[in-house]
Amino acid sequence: MAADPSTHPLLLERLAAHPIADVRVAVADNENAPLYSIWALAKDADPDVRYQIAENHCLPLDLICLLSNDENPYVASRAQQTFNRLQGH
């Protein structure tokens, strides 16, 4: 359900707070998830959730920039790669 693009945004908002990280990862990758939920997930305790967001090329640059300074080096590196790709580098 969290990965299904036809899932209603309000349900995705609830699933963004799910205790299982894989569910939150699926929400982070769902094109129908509300942007405010994605912003909240960008601060998720689980680095896998943040990594999923960092590789999404459809998100605002300021969100990708935030993740390029992530405490986890894998998340930060992936966000920097995404940022560079979006900038055409």
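What you are looking at is a predicted structure, and each value in this text was computed from that prediction instead of being measured.
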Enquirer: What is the distance from atom CG of N30 to atom CD of Q52, rounded to the nearest 0.5 Å?
Expert: 11.0 Å
Enquirer: For the atom pair CD1 (I64) and CZ (R85), what is the distance rounded to the nearest 0.5 Å?
Expert: 12.0 Å
Enquirer: Looking at L12 and P34, what are the two nearest heavy atoms and their distance?
Expert: CB-CD, 4.2 Å
Enquirer: Write down the atom of L61, the atom of F83, and the distance for their closest heavy-atom approach.
Expert: CD2-CD1, 3.7 Å
Enquirer: What are the two closest heavy atoms between L35 and L59, and how far apart are they?
Expert: CD1-CD2, 4.2 Å
Enquirer: So which heavy atom on A21 is nearest to which on D46, and how close?
Expert: CB-OD2, 3.2 Å
Enquirer: Cut-off 3.5 Å, side chains only: do Q80 and N84 have a donor facing an acceptor?
Expert: yes
Enquirer: Quick check: closest heavy atoms across A28 and V49, and the distance to 0.1 Å?
Expert: CB-O, 4.3 Å
Enquirer: What side-chain hydrogen bond (donor to acceptor under 3.5 Å, both in side chains) pairs are there with at least one residue in residues 59-76, not counting sequence neighbours?
Expert: R50-D70
Enquirer: If you round to the nearest 0.5 Å, how far is CG of L67 from OG of S77?
Expert: 12.5 Å
Enquirer: Could you measure the distance from the CG atom of L86 to the CD atom of Q81? Nearest 0.5 Å is fine.
Expert: 12.0 Å
Enquirer: Can you sort out the partners of V23 under side chain to side chain contact (heavy atoms under 4.5 Å, CB included), two or more places apart, ordered by chain and number?
Expert: A2, L15, H18, I20
Enquirer: Which atom names give the shortest non-hydrogen contact between A3 and A26, and what distance separates them?
Expert: N-CB, 3.9 Å
Enquirer: Going by side chain to side chain contact (heavy atoms under 4.5 Å, CB included), name the residues that satisfy it together with L66, two or more places apart in sequence or in a different chain.
Expert: W39, A42, L63
Enquirer: Would the distance check show the side chain of T82 and the main-chain N or O of H57 forming a donor-acceptor pair, the cut-off being under 3.5 Å?
Expert: no
Enquirer: Any side-chain hydrogen bond (donor to acceptor under 3.5 Å, both in side chains) involving residues 6-17? Give me the pairs, sequence neighbours left out, ordered by first then second residue.
Expert: D4-S6, E13-Y36
Enquirer: Is there any salt bridge (Lys or Arg N to Asp or Glu O under 4.0 Å) pair reaching into residues 22-35, and which pairs are they, with sequence neighbours excluded?
Expert: R24-D44
